[in-house]
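Following: one structure in structure tokens, then a few remarks.
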Amino acid sequence: MTEKPKFAMCWAASCGGCEIAVLNIGEKILDVDTNFDVVFWPVAMDAKYKDVEAMADGSITLTLFNGSIRNSENEEIARLLRRKSKILVAFGSCACEGCIPGLANLSPVDELIDTAFSTVSTDPVNGNRPRTSVTVPDGDLHLPELYPVVRPLSSVVSVDYFMPGCPPESHQIAAVIDLVIKAIQGEAELPASGATIGAGGSTVCDECSRTRAVKKIKAFTRIQELEEVDPDLCLLEQGIPCNGPATRSGCGALCPSAGAQCIGCYGHADGVIDFGARLMTAFASVIDSEDPEEIDHILDTLPDPAGQFYRFSLAGSLLGAARSAWEAR
Amino acid sequence: MIAPISGGAGMSGNGGRPRIGVYVCHCGSNIAGTVDVTELRTWVERRLAARGVVVARDYKFMCSSLGQDLIAKDIAEHRLDRVVVAACSPHLHEATFRTACRRAGLNPYLCELASIREQVSWVHTDTASATEKAKAVVSGAVERVARNAPLETLRVPVHPATLVVGGGIAGIQAALEIAEAGHPVYLVERDPSIGGHMAQFDKTFPTLDCSACILTPRMVSAGSHENITLLTWSEVERVDGYVGNFTATIRKKARYVDIDQCTGCGICQEKCPKRVIDNVYEAGLGYRKAIYTPFPQAVPKYPVIDQPNCTYFIKGKCRACEKFCPTGAISFEQEDEFVTIDVGNIVLATGYDLFDPRRVTQYGYGRLANVFSSLEFERMTNSAGPTNGEIVLRDGRTKPTSVGIIHCVGSRDRNYNNYCSSICCMQSLKFAHLVKERTGATVYNFYIDMRTPAKAYDEFYQRVLEEGTLFVRGKVAEVTDAARGPGEEGKLIIQTEDTLAGRQRRIPVDMVVLSAALEPRKDSSEVAKRFGISCSHDGWFIEKHPKLDPVATMTEGVFIAGCATGPKDIPATVAQGAAAAARVLGYIQQGEIEMEPIRAQVIVERCSGCRICNDLCPFNAIDFIADRGVTEINPALCQGCGTCVAACPAGAIEGTGFSNEQVVAQIDGLLLRNLEPTAVEPALV
Amino acid sequence: MTMTKEPKTFEPVIVGFTCNWCSYRAADLAGTARIKYPPNVRLIRLMCSGRLDPTFVLRAFAGGADGVLVTGCHPGECHYLEQNYKTLRRVRLLQRTVHAFDIEPDRLRLVWASAAEGVRLAREIEDMVEAVRALGPLDWGNRPIRQEAIHEMTGGVDDAPVEEPVGVGGRP
Amino acid sequence: MQRITIDPITRLEGHGKIEIFLNEDGNVANTYFQIPELRGFERFCVGRPVEEMPLLTNRICGVCPEAHHMAAAKAGDAVYGVEPPRPAKLLRELLYSGFYFTDHTTHFYALAGPDFVMGPEAPVAERNILGIIHKVGVEVGGKVIQARKHGHAIVEMIGGRKVHPCTAIPGGLTKGITEAQRNEILAMGEWAVEFAQFSLGLFNDVVLGNEAYVDLILGDIYRHETYYMGMVDAAGKVNFYDGRVRVMGPDGTALGDYAPHEYTEWIAERAEPWTYLKFPYLKKVGWKGFVDGKDSGVYCATPLSRLNAADGMATPRAQEEYERFYTTLAGDTPAGAKPIVHHRLATHWARLVELLYSAERIVELASDPDITSPDVHTVPTEVPTEGVGIVEAPRGTLTHHYSTDERGVLTRVNLIVGTTNNYAPISMSIKKAAESLITGGEVVTEGMLNKVEMAFRAYDPCFGCATHSLPGRMPLEVTIRDATGAPVEVLRQYC
């Protein structure tokens, strides 16, 4: 019989949640094993980086890539797997748009290090800071240099599919694996290149069971400051800055159904270039005032616009990073 | 770097790379004088070929028939599916070139104008930088047009009836024109009678023919016309729907007179014991009864009971009118009544309010007895008026020996209104003439500038000059009765600067007439909102285009005429009434209306029903379909502003004609990002 | 250190958004009246300032614009009645947001200009060009951004052969 | 001088990179365990609203997000000086116990287990969960998967999501649980208790029943006499969610204990220029370098540490195991001192004791009448200022410290992540393992690689989050270079 299609899963800078999500698909894992020849999956198996280099270009059928690009090594692996893979999937929020760690792009990388090494509990002892090359009594030691900004996978290589979520929901992962297997067996069509898979085409409100009326907001409220959160009414209408309206559907509106605002981990909907732009315009639209001063007062109740609008998508946004971060180094 | 806008799927309907023709107009030397058109054309050829440009030409006058033929020829020969004309502002020639394209078999919306005249050659001087900017502008237009979709204009049926709001001469004119053409009209007037301000005048400048003589026949035929439903003592409460299909709700205020019984004999008015100062028609100079028709020639002839002033309504007894009415038409139980009507078009001719001269305290109106407002003076000179046409002081007897007429009261004055009320000069000249004619008094006209532009106006000015009226050029500082010398005793002294003589003057007179400004109706902004149109900051209704479309508004099917759009004399007002009627008739004639296909549209499968957009449309075009949990947009109500498109957090609303694709591509084109290669590891398959 | 890369006199590029009814006509008027202003601004016509999607502004900055000028009808004079108020709210929020990206307030301005205010518009443009010139280049043009954003917008790369365009000057 | 580089290529937040320098005699001169990555949460959390911290810091680690979620929520409570209602506290701890149950299960069966069940010398391919299944029967595999499912189910019910929960906010939670959910959890809890006992049984048979392993555990390779840290409740018993942090001396006499807000008096962090991670140590004792003993501020925060620091376990069965643990391993303890176990490999046993505790705790909490109360949030009334939140992460005491402006927007953030506590001891264990296995430049065997790995896997380090996965291993590459630096031999494992 002909050999099985090859499967790879790899991460760059990520937290491991995506891997856990994949493991949480339970029995489906076995389908992967029966239908694919798993050639590279460092967390799960004996994988030789060099073996991948040795493979023919395009010989891996499906590669799930999670994590963002934070250093040269991340980029190297990304480019290698792009060359070796027929279908490269940006898997999870980090790979798709940078995720929470992308917020680092609001400050220059040196500031990140300085801050981490000047906390209240850190010894000021000879103001030690990590250096990329340092000589110790026993010899020289090297640390990889951090890139000035976090970047999503697609800013380094072209990506065939995007699978959003922090992490992607297990049932969605299972569905995608099913689809690919069917496609390989010629029983199904793969979506057009560049498409987003394992998610809905609309936004979270579509899956949210909360009732909605016409929105008019005189002030945004912080969830912990609300005496009584109405369990059935749209959170945004209660003044809670919920990202649901702009966030792609697919999770099943988990957070809103748990009484917490959507924080936007599934990224933007189809055809959108910049998540923040969509959410910004949505919030601006529901502000109930035409008086410049009052508008400013209302906007003051949103203490952190950049963080609110780009919580997950900053690295993948049109601006990508603050100017000071871009210009660092 | 930003990846280039690539051709292909997203770009042109026919798939693959579009075939764009670019035409650079010299506009004689208007453009070519500043922009190096040859350099521009060759740059387009060289750099934009990869973007789909297959033909680039420059030509002396693209808008000429030869220029248009040039495009038509290329569309055929080079199978162009897109056209960019780099010329003047789209507001000038977009229609021209789109029509040219349509004639050549290309959908007109696949043609874009790049304004390199108004926005480049006319505003910049340095050829090099102007040419560079022109390149960017054209590049932007090329990227945009590549993503234009062929569009078809929307068509909606037109209800043949028309609502005319305002029974002044403008409204009457419009109503008659439409009715004469054989279509039903509802003429709504808030006062008891139609006629408006014109009914209060005696003579009309410059011909001095009697106002009543020319107006009354019009009022009568409007009142009796089989196609006109007169709704006086009525106001429009609300308006729904859209062009061709409006529904208006009208409040018919209680008249307390059953017009089916009333013959208009007038006995009730004789018998009514209650006299009321008539502040409206008689400008406070005369009296009327508590049951009244505003003036003898009123149309309709039925009176109304002035409820707040009627003894019965105050004290609960009297009912004199009821007692004496031969037909038992009086009915105190009457209540406001609401009627809803369906109409296809609306004409707003709501007129103006007169500036209250009390506001200019230094002129003493209301304080100094013999200072009169222009309207008071109109009534005084009216043979049917309170003084039977006698020009006398407040005492009602003494003829003035000297009269001062002050122009521009409340106009051309930054404290009140910056604009010129346009009729005051002629009105003041008319007053001067009437004073001379009827009293032989010395007349002074105090003016800032004399404005007599229209037909036979300046001749009238010359005539008044010859009659010996004295003209003092300068703004009057004050009117006072504080005499400084024997000559001023018991007189009104007009303190003014004589800018021709170059000195201050004090001129004692017996009577002062203030030519008050015309102002927008107090409630003009509410009215505008009700009809979905807008007002300028000083309160006049805004026309769709001040020159090219003066009687249309941004809201299709709602037209404006007369002083509601700004001060006008009677001829201009009548002309506008007729013009509005003509526009309405045009629509009715077509049976359906073509609407610009620039509209917003919901991609239902992307709509999450978040309802962010629901409150954004002032035209109520956005509906939430509760059972399906999605929002939809009514294309007929949508005016195409695109606010909801920009607001949709899901990117689920498309803006036809101004899609994100088009605008973003244009931005990239303007910034010349479209000339760059991409820099990522490409996909394999 | 960005400055050193720039020519002596830095010529900022400003993208301007105009509404079809007021500010674009103001620009036309400036033209017909031959009022001069610096060529650094490139205008885009929208039907209404309410059409201004924050994406447009961000795209302009990301695409290399040093400044963005948003213009519309005066409050209360919007040809679509009240849409420019929505623009006002959007731009205010946008200004707060881009601040976190170190984009100075002067680089994103909102100006009301009626169809009659050609001079005013020209002066506003002049003023902004100078303000941005003083701030120096924003230099976002060469930053790597998410590629599929463009993918989504414009479809895949088209490799149809490029045809030599016909170019003829003067008479046909 | 020779240099050996052990460079795991699997990367997560600060994955490990080990440099071993040999002297001319071919003996270990020194080892450096480098963390070559930093993400800068301390910086970019500044400017964010404090209520977002439980959601943002979740993303520090996808394996133990619950720990950060809780620490952040507690810091949030402290910032507002607000006391969550009792039901909210119970629910938070219940969620947390569910998480502990999953996490400890995963670690024992996927990582530690194989080392013992299969043996450190067993072939690579067998030393994983599948190996265990083959050896002790298929049903184990099923049980392990079941255990992870139950744990995640509890987390999802209370936390709203399986990974990266979202319900904890300053003052409590956004939601409670229903009666039906309580019963479900109760059932899972009872199952969990059995499973934990089964696991201890397995450990007892396979490991303690095997001389070689007992020697390995009690051997000197993995023994350090350091201080130990762990959170204890009012009764001095181990608690994961709340209490005071107790510091136990190597000799079994307590150095003292502290409330969260006092942590800066107790903990300081040493920065070295050759790594992106800092070395926390006991301020009161001081930094003496990578050495153990009573005079060195180096401390350890692991399941073993928690047992060493506490007087016992708060649940009956776990308490029994606790006692058995010390009678078996502690040996003779000086009078008045608390029995202490210094053998790092004993951590795996300690972890199973905690596994049983977490299971019993699930049952206890789920049985509490308050657990279904809808009263799960107190609205803060104080002006937010500053606060510290501490929980016991499976990998060590986790400290979040926030300062905010009057709007509750963060102005300063300090995080001491579980694993960081153990950075120094891990480095020491690695060095010790290397020393004991490399002598006279003797050619290193693959066993050695695994033993080095075992040295730090005992700590279950989070910068090896990779090693949490099924049926994972941390790939290592060792290059031996001669004095000139030229490679003599390269040994690889899984890379």
Side-chain angles (χ1 to χ4, degrees), chain A residues 57-58 75 78-88 153-160 192-194 200-208 212-216 234 236-237 242-249 268-275 277-286 288 318, chain B residues 1-3 5-6 8-10 147 529 602-618 620 622-626 628-631 642-655 659-665 667-668 671 673 678-685:
Chain A
D57 285 0
E75 183 166 359
R79 292 193 183 279
L80 176 72
L81 284 167
R82 168 70 281 179
R83 279 201 302 284
K84 304 300 175 184
S85 314
K86 278 204 187 60
I87 304 171
L88 177 65
L153 180 61
S154 58
S155 65
V156 179
V157 299
S158 78
V159 169
D160 298 301
S193 171
S202 184
T203 65
V204 170
C205 303
D206 198 36
E207 296 175 329
C208 182
R212 291 183 286 277
V214 174
K215 296 170 175 49
K216 278 181 166 291
C234 168
L236 186 52
E237 278 166 43
C242 176
N243 289 12
T247 306
R248 186 185 288 273
S249 53
H268 60 76
D270 276 332
V272 171
I273 308 183
D274 189 282
F275 179 92
R278 299 263 52 76
L279 193 60
M280 229 181 286
T281 189
F283 280 14
S285 299
V286 298
D288 183 16
L318 275 169
Chain B
M1 87 196 61
I2 291 194
I5 295 298
S6 50
R147 289 157 188 81
K529 229 176 168 44
V602 175
I603 310 165
V604 176
E605 53 278 10
R606 283 191 195 171
C607 174
S608 69
C610 69
R611 307 195 63 176
I612 292 279
C613 63
N614 286 192
D615 199 37
L616 296 180
C617 182
N620 306 316
I622 302 178
D623 293 318
F624 182 67
I625 316 299
R628 280 164 42 230
V630 295
T631 286
T643 303
C644 59
V645 181
C648 177
I653 307 182
E654 273 180 328
S659 69
N660 289 338
E661 288 80 353
Q662 288 167 297
V663 179
V664 168
I667 294 168
D668 288 352
L671 295 167
R673 310 304 305 197
T678 174
V680 278
E681 194 98 1
L684 277 164
V685 284

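Bear in mind that the values here come from a model prediction, so they are computed numbers and not experimental data. Chain naming here is simple, since letters A, B, ... match the order of the sequence lines and numbering starts at 1 in each. Computed from heavy atoms alone, side chains included, the values below leave out hydrogens, waters and symmetry copies.
- Under the side-chain contact (heavy atoms from CB on, under 4.5 Å) test applied with B/S608, the options A/D206, A/T247, A/V204 reduce to a single match, A/D206.
- Heavy-atom pairs under 4.5 Å with chain B were tallied for A/G201, A/A246, A/P245; the largest tally goes to A/P245.
- For the side-chain hydrogen bond (donor to acceptor under 3.5 Å, both in side chains) test, residues two or more places apart in sequence or in another chain that qualify with A/T281 are C/R90.
- Taking A/C208, A/A277, A/A213 one by one and counting their heavy-atom pairs under 4.5 Å with chain B, the maximum is reached by A/A213.
- Contact annotation for A/V286: only side-chain heavy atoms (C-beta onward) come within less than 4.5 Å of a heavy atom of chain B.
- Across all their heavy atoms, B/R606 and A/D270 have their closest contact at NH1-O, 3.5 Å.
- Closest approach of B/L616 and A/S285 over heavy atoms only: CD2-O, 3.7 Å.
- At a threshold of 4.5 Å between non-hydrogen side-chain atoms, the residues A/K215 and B/I612 count as touching.
- In this structure, chain B has a heavy atom under 4.5 Å from the side chain of A/L236, while its backbone stays farther away.
- Among the candidates B/A647, B/C648, B/G651, the residue making the largest number of heavy-atom pairs closer than 4.5 Å to chain A is B/A647.
- For the side-chain contact (heavy atoms from CB on, under 4.5 Å) test with B/C610, the passing option among A/C242, A/C205, A/C234 is A/C205; the others fail.
- With hydrogens and angles disregarded, a donor-acceptor distance shorter than 3.5 Å links the side chain of A/R278 to the backbone of B/A646.
- The salt bridge (Lys or Arg N to Asp or Glu O under 4.0 Å) test applied to A/E207 returns no partner, not counting sequence neighbours.
- Proximity to chain A is limited to the backbone of B/C607, based on heavy atoms less than 4.5 angstrom apart.
- Minimum interatomic distance between A/S202 and B/E605 (heavy atoms only, all atoms of both residues): CB-O, 3.9 Å.
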